Amino acid sequence: MRRVLIVLLTMLVLSGCDHSEPIGYSRKIGFASQINRSIVEDITDLQQQEIKLFGAYTLDGGTARVFDAERLYYDATLPGWDYAIPQYWIMNAAYRFCAVSPYNVPCTFSDETGEVTIGGYVGSTGGADILYASAERDLYGNEDYSTVPLHFRHACAGVQFNLVNASSNVLKDVRNIRLVGLQNRGTFTFDSQGSAAWVLDGSTIGESDSEQPFGGMCTLPDGGLPVNLNVKHSLYDEKVLMVLPQAIYKTPVTLHLEYIKEGDTEYAIRNIELGWLGGVTPTEWKSGEKYEYNLTITDNTITFEVIVVDWVDNFVDL
């Protein structure tokens, strides 16, 4: 009789252990960020910005939200990414996940379509790029409860201007550099399958300094940037200017700059339409690509070379 009681007690204890997690649930949903190292300097940058996570699942014809603007933060003790309230996989459910960085980017998520919308985004001088990632996991007929990889991509394009002086005189100063006609506001939408699109509102940065002091978007500090003879310099002190993808031949987008050389009495003023620099010149800026414009100043003219660098060439686990 005593042996039977011991067996019964043991079965009760084991039964209690079996229900330490909710019935019908398996493992905690986990995430790993994967990112091209050219997007940020190192993992610390992404850790500081943090990630906003959305997620929904569909089961038996119904859809429910599982993550609602959840903050993903980096935990060095794991090491890895974590969030506040644990969520567990539901068997046979189909999941959609979308993530945005920086965390403070305002956006909305649709459970039904799995789309994130970032509305009324305004580009800013030296502002952070929008990084976005998405993933899906269908558990119907399988038990893949592994960590979900988040492959981050650029929503914006990167533009960099470099200057080389090939004149016989020292280039003393460059000032008032701006992109006239640049569209600077728009709405970005992407879904859990990786589709993404921008819709720009048509507003542009104007020619008037009173409208946009010093050109607003990509001006140098007041007074310009000293450039030494035969030394290449970044005209923009953050090196890469994040811009919204757009057709630069339609607006058109014009690079305005003023410079003065040793012996000159006044600044030379140049306005160059970037979409009409030659047959091989890009006529649009695309998400995830970087455009490096190399400008060479001679005694009387400026010549250009444009190099297109695709930022999304591979992914690296962090």
Side-chain angles (χ1 to χ4, degrees), residues 33 35-36 39-40 46 49-56 63 65-72 96-136 150-159 178-206 211-212 215-218 238 240-254 274-275 282-291 310-312:
S33 62
I35 194 166
N36 183 310
I39 295 180
V40 292
L46 190 61
Q49 293 177 0
E50 298 187 331
I51 297 169
K52 181 178 292 184
L53 175 69
F54 295 96
T63 299
R65 184 79 60 93
V66 62
F67 293 108
D68 187 9
E70 186 73 34
R71 182 190 297 268
L72 279 182
R96 303 188 188 100
F97 302 106
C98 291
V100 177
S101 183
Y103 175 80
N104 59 5
V105 172
C107 50
T108 59
F109 178 72
S110 168
D111 298 319
E112 289 73 22
T113 64
E115 289 183 332
V116 169
T117 300
I118 302 172
Y121 181 80
V122 179
S124 60
T125 302
D129 185 13
I130 297 175
L131 304 179
Y132 70 100
S134 59
E136 293 189 345
L150 296 176
H151 300 286
F152 282 92
R153 293 172 170 83
H154 288 282
C156 296
V159 179
R178 63 186 187 270
L179 294 177
V180 178
L182 180 73
Q183 296 191 59
N184 195 33
R185 295 191 307 222
T187 297
F188 179 66
T189 302
F190 71 98
D191 64 22
S192 58
Q193 295 182 330
S195 297
W198 277 99
V199 176
L200 306 187
D201 68 4
S203 62
T204 62
I205 292 179
E211 178 184 333
Q212 292 287 343
M217 267 294 292
C218 67
E238 248 88 15
V240 178
L241 172 67
M242 297 299 178
V243 296
L244 304 192
Q246 56 199 277
I248 60 176
Y249 69 94
K250 289 183 179 179
T251 310
V253 177
T254 300
L274 298 179
T283 56
E284 62 179 318
W285 291 329
K286 301 178 181 180
S287 297
E289 289 187 346
K290 183 171 72 172
Y291 302 86
D310 186 355
W311 264 330
V312 186

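Note that the structure is a prediction, hence the values are computed from the model and not measured.
Between the CD atom in Gln193 and the SG atom in Cys98 there is a gap of 10.0 Å [rounded to 0.5 Å]. Atom-to-atom distance recorded for Arg71:CZ and Lys52:NZ is 8.5 Å, nearest 0.5 angstrom. Put simply, NZ on Lys286 and NE2 on His154 are 15.5 Å apart, with the number rounded to the nearest 0.5 Å. Note that the CD atom of Gln246 and the CD1 atom of Ile248 stand 8.0 Å from one another [nearest 0.5 Å]. We find the CD1-CG distance between Ile51 and Leu131 to be 9.0 Å, quoted to the nearest 0.5 Å. In this structure, CH2 in Trp285 is found 5.5 Å from CG in Leu274, a value given to the nearest 0.5 Å.
For the side-chain contact (heavy atoms from CB on, under 4.5 Å) with Ile118, the lone residue among Thr108, Thr187, Thr189, Val100 that qualifies is Val100.
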Q: Given side chain to side chain donor-acceptor pair (under 3.5 Å), test Glu136 with Ser192 step by step and report yes or no.
A: CA-CA 6 Å; Glu136 293 189 345; Ser192 58; 2.7 Å; yes
Q: Check the pair Gln183 / Leu244 against side chain to side chain contact (heavy atoms under 4.5 Å, CB included), numbers first and verdict last.
A: CA-CA 7 Å; Gln183 296 191 59; Leu244 304 192; 6.0 Å; no
Q: Starting from the C-alpha separation in whole Å, work towards a yes-or-no answer on side chain to side chain contact (heavy atoms under 4.5 Å, CB included) for Val243 and Val253.
A: CA-CA 12 Å; Val243 296; Val253 177; over 6 Å; no
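Minimum heavy-atom separation, Leu72 to Glu50: O-CB, 3.6 Å. Across every non-hydrogen atom of Ala155 and Ser287, the tightest pair is O-OG, 2.7 Å. Residues Phe97 and Gly55 approach most closely at CD2-CA, 4.1 Å, considering heavy atoms. Minimum heavy-atom separation, Ala69 to Tyr103: O-OH, 3.4 Å.
The side chain to side chain contact (heavy atoms under 4.5 Å, CB included) search around Lys250 returns Ala247, not counting sequence neighbours. Among residues two or more places apart in sequence or in another chain, the salt bridge (charged side-chain N to carboxylate O under 4.0 Å, His left out) test is passed with Arg65 by Asp68, Asp111. Among residues two or more places apart in sequence or in another chain, the ring-ring contact (aromatic ring centres under 6.0 Å, His included) test is passed with Phe54 by Phe109.
A 4.5 Å side-chain heavy-atom check between Thr113 and Arg96 finds every atom pair outside the cut-off.
You'll find the ring centres of Phe188 and Tyr121 outside the 6.0 Å limit.
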